[in-house]
Amino acid sequence: MTMTAHPKTAADSGEAFAFRHSITHPFLTYFRINPDGIKQPEVPIHSLKQASLVHDFAVTENYAVFSDPQIVIKPAEVLRGKPPIGVDPAKVPRLGVIRRYAVDESEMWWVEAPGFNMNHAVNAWDEDGGDTVVMVAPNILGVENVLERLDLIQSSMERIEINVKTKKMKRKSVCNGNLDFAVINPAYVGKKNRYVYAAIGDPMPKTVGVVKIDLSLSTTVNSGDCTVASHRYPPGCYGGKPFFVPKAAAAAEDDGYLVSYVHDENSKESKFIVMDSKSPNLEIVDSVKLPQRVPYGFHGIFVPQCELEKL
């Protein structure tokens with residue numbers, strides 16, 4: 001069985017939600033794993049008519065949200081001496097919404113999202129009694145350059161609101177800058193959260209720092225940049241994706257630490273760093289020198305020691 005690199009685990013129920021995409025039909029399959037680690041029946045998504053680069057998704061208490069971007073996969077292109085992954089400029093991106101506990105695709109629907117190409121999702125939740133799905137995710141700008149000119153790629157962090165009744169959506173930027181590899185307190189997966197921590201690309205996959213975004217500011221009329229804290233690495237130092245580790249018995253959502261890897265291209269040394277997530281400059285409070293560097297772009301999930309001991 002294959003699956004995405006970005007499963008979602010609901011802290012309250014212990015369930016894991018995941019998917020896989022394929023170069024053959026069905027191109028997308030959704031499934032969940034119960035708290036006992038038993039995989040539940042799969043839900044093939046036949047309404048995805050071609051293989052797209054579906055790398056991540058989001059879940060809420062009631063729904064799962066998938067993207068259908070302009071980045072498409074055509075294996076037959078290899079026979080013509082062309083790359084199998086390309087960008088279809090004529091395609092209109094979509095977002096697909098399916099019930100979290102759907103048993104088949106009959107509960108799946110799509111909404112067009114012109115100009116929105118999602119690679120990673122930050123989080124999503126329900127509002128208005130379940131009538132609105134809110135998702136936060138970076139949008140790839142200049143998607144036509146995604147395969148050959150990464151230095152021209154920018155990602156805009158956006159708040160997306162999908163009306164479940166009208167099947168319409170609206171979007172707005174929540175932060176300035178080229179941001180991706182964003183994380184939240186894992187206890188808030190699928191629930192309304194306030195804080196997002198995102199890496200600053202220069203360009204991706206190299207990152208030159210981290211910002212803290214306060215989403216509570218994104219609903220105000222004149223909101224634009226909701227950054228409330230930031231940390232820049234020294235010149236010549238580049239990092240990867242941060243990860244949020246809550247303190248034991250933490251009361252506040254942002255009471256914890258950000259951890260990441262940073263490589264110094266001047267000294268050729270790499271460090272594992274620990275930042276105070278509540279400080280105004282995300283102060284580094286500790287670091288550990290690593291025996292070798294971690295490649296730029298390394299990301300995924302971190303598993304606590306206590307969870308590994310259960311295996």
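One-based numbering along the sequence shown.
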Discussion item. Parallel, tilted or perpendicular, judged at 30° and 60°: which one describes the rings of Tyr197 and Phe244?
Written reply: parallel

Item to complete: Could you go through the side-chain contact (heavy atoms from CB on, under 4.5 Å) check for Trp125 and Asn193 one step at a time?
Response: CA-CA 8 Å; Trp125 62 87; Asn193 68 292; 3.3 Å; yes

Worksheet item: Do the side chains of Ile73 and Leu48 join up, straight or via other hydrophobic residues, at under 4.5 Å, putting them in one cluster?
Response: no

Does a donor on one side chain sit under 3.5 Å from an acceptor on the other, for [X] and [Y]?
{"X": "Lys91", "Y": "Ser52", "value": "yes"}
{"X": "Ser277", "Y": "Asp254", "value": "no"}
{"X": "Gln70", "Y": "Asp88", "value": "no"}
{"X": "Asn139", "Y": "Glu158", "value": "yes"}
{"X": "Asp225", "Y": "Thr227", "value": "yes"}
{"X": "Ser270", "Y": "Gln292", "value": "no"}
{"X": "Glu112", "Y": "Trp110", "value": "no"}

Does NZ or CZ of [X] fall inside the cone over [Y]'s six-membered ring, less than 6.0 Å from its centre and within 45° of the axis?
{"X": "Lys8", "Y": "Phe17", "value": "no"}
{"X": "Lys39", "Y": "Phe31", "value": "yes"}
{"X": "Lys271", "Y": "Tyr261", "value": "no"}

For [X], does the [atom1] atom have more than 12 heavy-atom neighbours from other residues, nucleotides or ligands under 6.0 Å away?
{"X": "Ile23", "atom1": "CD1", "value": "no"}
{"X": "Lys167", "atom1": "NZ", "value": "yes"}
{"X": "Tyr257", "atom1": "OH", "value": "no"}
{"X": "Lys247", "atom1": "NZ", "value": "yes"}

Discussion item. In this structure, is the centre-to-centre distance between the rings of His6 and Phe57 below 6.0 Å?
Written reply: no

Fill in: Qualifying residues under ring-ring contact (aromatic ring centres under 6.0 Å, His included), relative to Tyr101, sequence neighbours excluded
none

Worksheet item: Who passes salt bridge (charged side-chain N to carboxylate O under 4.0 Å, His left out) against Asp276, sequence neighbours left out?
Response: none

Worksheet item: Any salt bridge between Arg194 and Glu253, counting N to O under 4.0 Å?
Response: no

Worksheet entry | Among Asp264, Val210, Ile200, side-chain contact (heavy atoms from CB on, under 4.5 Å) partner for Tyr233 | Val210

Worksheet item: Hey, which of Asn117, Asn119, Leu53, Leu95 is the one that makes side-chain contact (heavy atoms from CB on, under 4.5 Å) with Ser67?
Response: Leu95

